[in-house]
2 protein chains.
Amino acid sequence: MKIGDVAEKSGVPAKTIRYYEEIGLILPAKRSDNGYRRYTEDDTQTLHFISRARGLGFSVEDCSNLLALYQDRERSSADVKAIALSNIGRIQHKIRELRAMEKTLSDLADRCHGDARPDCPILEDLSEFH
Amino acid sequence: MKIGDVAEKSGVPAKTIRYYEEIGLILPAKRSDNGYRRYTEDDTQTLHFISRARGLGFSVEDCSNLLALYQDRERSSADVKAIALSNIGRIQHKIRELRAMEKTLSDLADRCHGDARPDCPILEDLSEFH
DNA sequence: CCTTGACCTTCTAGTTACTGGAAGCTACAT
DNA sequence: ATGTAGCTTCCAGTAACTAGAAGGTCAAGG
């Protein structure tokens with residue numbers, strides 16, 4: 001398989017696959033005589049794994065760890081769970097932050113009449129010290 | 001006032017103030033004879049405004065627009081509200097995404113016994129095609 | 001007067017995770 | 001022979017800073 005094929009199958013763009021190779025997240029692909037990268041079904045699996053983990057908010061470094069754990073038949077599920085839990089914590093924290101932002105902004109927008117008049121509670125709030 | 005003073009008063013680090021000047025978000029500060037940047041209370045206000053807007057999730061470019069609107073005595077509150085609303089939309093979208101991630105990860109973590117045994121629903125899920 | 005320490009200056013480079021584009025080679029169909 | 005699609009490498013840009021190096025400035029203390 002060439003890079004375009006594995007890109008389509010795994011859902012990871014060719015550019016991104018080359019990038020993952022460059023940063024060492026995946027092993028350098030073997031090359032054909034013409035210099036093209038060659039891939040197998042296993043590579044498709046690996047890239048899909050990465051794609052799904054990234055979609056769940058794991059960092060590239062997390063992916064590297066998860067991949068190592070995935071390939072280690074001896075690893076304990078506790079190791080994996082620890083990474084997942086710390087990620088859940090970060091996600092929850094981010095959600096709380098965003099909710100606070102949203103609430104403040106919504107309150108301000110509600111109080112702003114939003115017409116041609118220049119007075120605006122949003123700007124007034126931003127310019128005040130709290 | 002020197003950069004360190006205005007940094008402390010506004011809550012924006014000195015490094016960041018220089019950066020804001022470099023990218024044109026704020027006007028270049030006047031210099032003292034020794035080459036140090038000099039600031040006034042107005043600058044403190046402006047930096048505080050930016051800091052608060054950034055804290056509410058506005059991009060630096062948003063800040064640039066908000067600042068222009070803030071300094072325009074003729075502007076309508078509708079212009080400001082439009083920026084705020086589009087920001088609220090982006091924040092809500094991000095919250096929905098993060099909640100979906102969190103739910104999937106929590107479900108997986110719940111099903112993972114998290115002990116020394118190697119079988120792990122988290123990795124199994126990541127490696128499956130959906 | 002000299003030193004110490006806290007600031008200040010500029011410049012370069014690193015962070016995260018890609019993405020776009022240019023220049024040039026290869027493969028295959030018409 | 002030619003077109004075009006896909007492959008290669010390398011360089012640069014994105015957002016918004018942040019760290020660090022090398023060196024100038026200033027006030028206080030001995």
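Throughout, a chain's letter reflects where its sequence line sits, starting with A, and its residues are numbered from 1.
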Rounding to an integer number of Å, can you tell me how far [X] [atom1] sits from [N] [atom2]?
X       : N      : atom1 : atom2 : value
A:Glu21 : D:dC7  : CD    : P     : 14 Å
A:Ile23 : C:dT19 : CD1   : P     : 12 Å
B:Asn34 : C:dC8  : CG    : C1'   : 8 Å
A:Tyr39 : D:dG6  : OH    : P     : 16 Å
B:Phe58 : D:dA16 : CZ    : C1'   : 17 Å
B:Ile17 : C:dC7  : CD1   : P     : 14 Å
B:Arg37 : D:dT25 : CZ    : C1'   : 15 Å
A:Tyr19 : C:dG21 : OH    : C1'   : 18 Å

Query raised in the report: Quick check: does any side chain N or O of A:Asp110 sit under 3.5 Å from a backbone N or O of A:Asp107, one acting as donor and the other as acceptor?
Result: no
**Report entry** Polar side-chain atom of A:Glu21 near backbone of A:Ala29 as donor-acceptor pair, under 3.5 Å
**Finding:** yes
Requested in this report: Would you mind telling me which residue lines up with the more 5' stretch of DNA chain C, A:Lys15 or A:Tyr36, judged by nearest nucleotide?
Outcome: A:Lys15
Query raised in the report: Which residue, B:Glu22 or B:Asp5, contacts DNA chain C at a nucleotide closer to its 5' end, judged by nearest heavy atom?
Result: B:Asp5
So which nucleotide from [options] ends up closest to the side chain of [X]?
X       : options                : result
B:Arg31 : C:dT9, D:dT9, C:dA17   : C:dT9
B:Lys2  : C:dC8, D:dA16, D:dT8   : C:dC8
B:Arg18 : C:dA27, D:dT9, C:dC8   : C:dC8
B:Thr16 : D:dT18, C:dG21, C:dA17 : D:dT18
B:Arg54 : D:dT25, D:dC17, C:dA17 : D:dC17

Query raised in the report: Do the side chains of A:His113 and A:Asp119 get nearer than 4.5 Å, heavy atoms only?
Result: yes
Query raised in the report: Quick one: on DNA chain D, does B:Asp33 or B:Glu61 contact a more 5' nucleotide (nearest heavy atom)?
Result: B:Glu61
Query raised in the report: NA contact type, A:Ile3, heavy-atom cut-off 4.0 Å: base, sugar-phosphate, or nothing?
Result: sugar-phosphate
Report task. Using a cut-off of strictly less than 4.0 Å, decide whether B:Arg38 has a side-chain nitrogen or oxygen near OP1 or OP2 of C:dC8. Result -> no
**Report entry** B:Tyr20 vs D:dC17: side-chain N/O to OP1/OP2 distance below 4.0 Å
**Finding:** yes
Report task. Would you tell me whether A:Thr46 and A:Asp43 have side-chain atoms, one donor and one acceptor, within less than 3.5 Å of each other? Result -> no
Query raised in the report: Do A:Arg90 and A:Asp62 sit within salt-bridge range, that is, some charged N less than 4.0 Å from a carboxylate O?
Result: yes
